[in-house]
Amino acid sequence: MKITIFGAGAIGGYLAAKLAIAGRTELSIVARGAHLEAIKATGLRLIEDGQETTAPVRAAAKAEDLGEQDYVVLALKAHSVAPALDQIAPLLGDHTSVVTMQNGVPWWYFYKTSGALEGTRLHQVDPGGTIWDRLGPRRVIGSVVYPAVEVDAPGLIRHVEGRRFSLGEPSGEKSERATLLAGEMVKAGLQAPVRDDIRAEIWIKLWGNLSFNPISALTGSTLAAIVADEGTRTLARAMMLEAQAIGESLGVRFPIDVDRRIKGAGDVGDHKTSMLQDLERGRPMEIDALVGAVQELGRLVGKPTPAIDGVLALVRRLAVERGCYG
């Protein structure tokens, strides 16, 4: 099995290291800069459970050096996918599957939904339908990523917690390609359940991300602080209820109630969300995929989103001022 991880940051690096250490697949990564040079020089290093292991992986700056793959794992942030399409193209053959590991609403959301919105392309995550046209939704295996991982230094990945990467076909079928990939991930020490409704799981993670991420960026607060404060907790709850109404209009069933989801976020503790970390480091923020796309879905199904609209306007303005919005 030939697998390329495109984007070997924290999550991509962790997945690559686990698969490479297992040694069952022909594993390659596409990386850049100091990260790439370190991996080429000393291998991809992983700290997990207090132990450091070096994973020998084939690393390249250009995908054309790797050839066509069985699976391409896109471990990029959502806003980085379209600019990378020319680089991804050499990895794709007629039977290549593309595993999307982006947070937020995926660009392929309305592929094989069998509803009135079948085939709808979402401007917030795929302006002009470029990704849809170039990658093709037929290739897609969806994924929801749960591990907390950090890049401690170039070529050095530190695992904090969690090993689950849920997988699922947009159609809901348990396909051979998804099952085979899940099997390799499990043999590498990961959890990789194949879901029959990956969209529902996307919404459960998105439910928290669309609210807590922008509020944390606007306030500089951790998850625990947002939940502890009555004002910010109430605002997050209002955004989540708006999102739930949208999701349910699209046929999604939420297996937990909003207050339990909020408590779960608070229980994480003094954790800075990814959006706040990106703001502090001057990196592009995942505003469109996490918040803007939910607003767009609301417009499509006729559900009002006043709380989401207000927070979205503020966090976009902040990101523009800080040079963190493309």
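Since the structure is predicted, the reported quantities are computational estimates derived from the model, not experimental observations.
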side-chain contact (heavy atoms from CB on, under 4.5 Å) for Asp278 and Leu276? Distances and angles first, verdict last. CA-CA 5 Å; Asp278 286 342; Leu276 175 56; over 6 Å; no
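- Side-chain atoms of Asn213 come within 3.5 Å of backbone atoms of Met275 as a donor-acceptor pair (strictly under, hydrogens ignored).
- Salt bridge annotation for Asp229-Arg233: absent, with no cationic side-chain nitrogen under 4.0 angstrom from a carboxylate oxygen.
- Looking at Tyr325 and Arg316, their side chains do bring a donor and an acceptor atom within 3.5 Å of each other.
- Put simply, the side chain of Glu118 gets close to the backbone of Lys112: a donor and an acceptor are under 3.5 Å apart.
- At least one donor-acceptor pair under 3.5 Å links the side chain of Lys174 to the backbone N or O of Val194.
- For His159, the ring pair (Phe, Tyr, Trp, His ring centres under 6.0 Å) partners are Tyr14, not counting sequence neighbours.
- There is a side-chain donor-acceptor pair under 3.5 Å between Glu173 and Ser171.
- Judged purely by distance below 3.5 Å, without hydrogens or angles, the side chains of Tyr146 and Glu201 pair a donor atom with an acceptor atom.
- Side chain to side chain, Thr305 and Gln295 fail the donor-acceptor criterion of an N or O pair below 3.5 Å.
- With Glu242 contributing its side chain and Ala307 its backbone, the two residues share a donor-acceptor pair below 3.5 Å.
- For the pair Thr113 and Arg199, the minimum side-chain heavy-atom distance is below 4.5 Å.
- Leu74 and Tyr71 are members of different hydrophobic clusters when ILVMFWY side chains are connected at heavy-atom separations under 4.5 Å.
- A donor-acceptor contact shorter than 3.5 Å is absent between the side chain of Asp152 and the backbone of Leu156.
- Comment: Asp49 engages Arg163 in a salt bridge, judged by a side-chain N to carboxylate O separation of less than 4.0 angstrom.
- Ion pair Glu48/Lys18 flagged as a salt bridge, since at least one NZ, NE, NH1 or NH2 atom sits closer than 4.0 Å to an Asp/Glu carboxylate oxygen.
- Residues Ile204 and Trp207 share a closest heavy-atom pair of O-CB, 3.4 Å.
- Side-chain atoms of Ile246 and Leu250, non-hydrogen and from C-beta on, do get closer than 4.5 Å to each other.
- Sorted by first and then second residue, the side-chain hydrogen bond (donor to acceptor under 3.5 Å, both in side chains) pairs involving residues 53-70 (not counting sequence neighbours) are Thr4-Gln69.
- Between the side chain of Arg283 and the backbone N or O of Leu279 there is no donor-acceptor pair closer than 3.5 Å.
- A donor-acceptor pair shorter than 3.5 Å can be found between the side chains of Lys205 and Asn103.
- Atom CD of Gln51 has 12 or fewer neighbouring heavy atoms from other residues, nucleotides or ligands inside a 6.0 Å radius.
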